[in-house]
Amino acid sequence: MDFELPAELTRLLADLDAFIDREIAPLQAQDDNERFFDHRREYARTDFENGGVPRPEWEELLGEMFRRADAAGWLRYGLPESLGGSDGTNLDMAVIREHLAHRGLGLHNDLQNESSVVGNFPFAHMLLEFGTDEQKEEFMQPMLAREKRIGFGLTEPDHGSDATWMETTAVRDGGDWVLNGAKRFNSGMHSATHDVVFARTSGKPGDARGITAFFVPTDAPGFSVDFHWWTLNMPTDHAEVTIRDVRVPDSAVFGAEGEGLAVAQTFVHENRIRQAASGVGAGQYCIDRSVAYARERVTFGQPLATRQAIQWPLVELQTEAEMLRGLVRKTAWELDRLPHLEISDKVSMCNYRANRFVCEAADRAMQVHGGLGYTRHTPFEHIYRHHRRYRITEGAEEVQMRKVAGYLFGFAGPNRIRTGEGKG
């Protein structure tokens, strides 16, 4: 067993840092772009008078970051060579995501909307696996060039984790499908040209089969973005969507008819392990900043670092960081070698524990920094507000623990025990 990172990956991280220092840090420093990252960040980014969505100037800055990263060959690193990428592995991407988050807040790796100099592109992986040739032609390159933007419409007003009970329907009408329903927290809708909408096409409520994914143009008659939900971390891109007699052709079906949950699972699987890695990196950043502050801050004539009340909580967090880092990297390494179904429980372990860890690390950093930690002049409240949502989105931690329990007790996974009992 060799736990050292491959030499080429270590060199890659050094090259990535050099690119950020050369191209991205100066961009962040010019034209008062620091307002998007210092204590003014929430106001500078959010168009409060326009429903709480991102301000155009914020998205223009992100667009310039994307262009520079793409021109330098970093943005598509995790994509196949056929798409201009470098065939980055799951292990590569996990290590990179942790590394970027460990650098702290900045244009290189923004938390609020998951923008990064090394892109995630879950939709690209979904298109590669499930898209038709026509859909790949229509969406792939325009999406990578940010000429087309695709939203994700799974959650509904009355159904979140229980997606198999969704009430949005799609009914055949000749060569078309007619969709009716509603979506909640539909991501990306302030700028999306299309939305991937999940709807029941057969079966009964609760059935995993019978849900189908559709590409729906956001300007289609009957498709309405009603408003955006204001969230703990602003700006928001999470919309309430109403779908009334929206008609799409049969060519809009994404993946196999009735197998839409496989499409959705690919989306969340791609995100979960990388979110876990980001959580480890951001949590480690909070620990490191807290240790440095405790060594410098003097109270009652002694550094804070001499007090066990400061030491022990950070010791607990550092220990968890080391354990999580090992689990995340091992699981990412296995994802490069095994069918995802075989280790889906390990992905869930990484995700729910890392999401919880980074929230605890950010909260502890606020406490160690005292009054300063509670201000927006330190980054910890922003880190907390961002990562807190991942304990709910991409599968609430309770649902992910349920996944682990299913594998542990044999009710789910490749070694499922067929007891005839419920889904449990």
Using 30° and 60° as the class boundaries, would you call the ring planes of [X] and [Y] parallel, tilted or perpendicular?
{"X": "Tyr43", "Y": "Phe48", "value": "parallel"}
{"X": "Trp58", "Y": "Phe37", "value": "perpendicular"}
{"X": "Phe152", "Y": "Phe198", "value": "perpendicular"}
{"X": "Phe409", "Y": "Phe411", "value": "parallel"}

Calculate, to the nearest 0.5 Å, the distance between atoms CD and NE2 belonging to Glu167 and His159 respectively. 3.5 Å
With a 4.0 Å cut-off on N to O distance, would you call [X] and [Y] a salt bridge?
{"X": "Lys330", "Y": "Glu334", "answer": "yes"}
{"X": "Glu138", "Y": "Lys148", "answer": "yes"}
{"X": "Glu64", "Y": "Arg146", "answer": "no"}
{"X": "Arg364", "Y": "Glu316", "answer": "no"}
{"X": "Arg103", "Y": "Asp17", "answer": "yes"}
{"X": "Arg40", "Y": "Glu34", "answer": "no"}
{"X": "Arg329", "Y": "Glu98", "answer": "yes"}

Apply side-chain hydrogen bond (donor to acceptor under 3.5 Å, both in side chains) to Arg41 and list each qualifying residue two or more places apart in sequence or on a separate chain. Glu381
Under 4.5 Å between any side-chain heavy atoms of [X] and [Y], yes or no?
{"X": "Arg45", "Y": "Pro54", "value": "no"}
{"X": "Ser115", "Y": "Met65", "value": "yes"}
{"X": "Phe214", "Y": "Phe254", "value": "no"}
{"X": "Leu128", "Y": "Leu83", "value": "yes"}
{"X": "Arg307", "Y": "Phe300", "value": "yes"}
{"X": "Val117", "Y": "Phe19", "value": "yes"}
{"X": "Met166", "Y": "Asp162", "value": "no"}
{"X": "Leu144", "Y": "Asp70", "value": "no"}

Among Asp226, Thr218, Thr155, Asp195, the one residue meeting side chain to side chain donor-acceptor pair (under 3.5 Å) with Asn186: Asp195
Neighbour count >12 (heavy atoms, 6.0 Å) for atom OH, Tyr374: no
Residues, nucleotides or ligands: over 12 heavy atoms within 6.0 Å of Arg295 CZ: no
Report yes or no: is the cationic atom of Arg149 (NZ for Lys, CZ for Arg) closer than 6.0 Å to the six-membered ring centre of Phe123, at no more than 45° off its axis? no
So, the side chain of [X] versus the backbone of [Y]: is there a donor-acceptor pair under 3.5 Å, distance only?
{"X": "Arg97", "Y": "Ser278", "answer": "no"}
{"X": "Glu156", "Y": "Thr168", "answer": "yes"}
{"X": "Asn355", "Y": "Tyr390", "answer": "yes"}
{"X": "Arg35", "Y": "Asp32", "answer": "yes"}
{"X": "Asn33", "Y": "Leu27", "answer": "yes"}
{"X": "Glu322", "Y": "Thr319", "answer": "no"}
{"X": "Thr164", "Y": "Asp207", "answer": "no"}
{"X": "Ser116", "Y": "Gly119", "answer": "no"}
{"X": "Asp336", "Y": "Leu91", "answer": "yes"}
{"X": "Thr231", "Y": "Asn233", "answer": "yes"}

Apply side-chain hydrogen bond (donor to acceptor under 3.5 Å, both in side chains) to residues Ser224 and Thr242 and explain how you reach the verdict. CA-CA 5 Å; Ser224 172; Thr242 302; 5.2 Å; no
Going through the checks in order, is the side-chain hydrogen bond (donor to acceptor under 3.5 Å, both in side chains) test met by Asn50 and His190? CA-CA 10 Å; Asn50 189 32; His190 69 291; over 6 Å; no
Arg274-Asn120 side chain donor-acceptor pair, cut-off 3.5 Å: yes
Under a 3.5 Å threshold, yes or no: a donor from one side chain and an acceptor from the other, between Arg356 and Tyr352? no
When you look at His377 and Leu372, which way does the side chain to side chain contact (heavy atoms under 4.5 Å, CB included) test go after all the steps? CA-CA 7 Å; His377 295 263; Leu372 282 177; 5.7 Å; no
Output, in order, the C-alpha distance, side-chain angles, deciding distance and verdict of side-chain hydrogen bond (donor to acceptor under 3.5 Å, both in side chains) for Asp345 and Ser348. CA-CA 5 Å; Asp345 59 327; Ser348 288; over 6 Å; no
What's the verdict on ring-ring contact (aromatic ring centres under 6.0 Å, His included) for Tyr293 and His369, showing C-alpha distance, side-chain angles and the deciding distance? CA-CA 7 Å; Tyr293 181 79; His369 283 75; 4.3 Å; yes
Begin from the C-alpha positions of Gln367 and Asp363 and carry the test side-chain hydrogen bond (donor to acceptor under 3.5 Å, both in side chains) through to its verdict. CA-CA 6 Å; Gln367 194 70 19; Asp363 184 71; over 6 Å; no
Qualifying residue for side chain to side chain contact (heavy atoms under 4.5 Å, CB included) with Val118, from Ile96, Asn109, Leu12, Leu75: Ile96
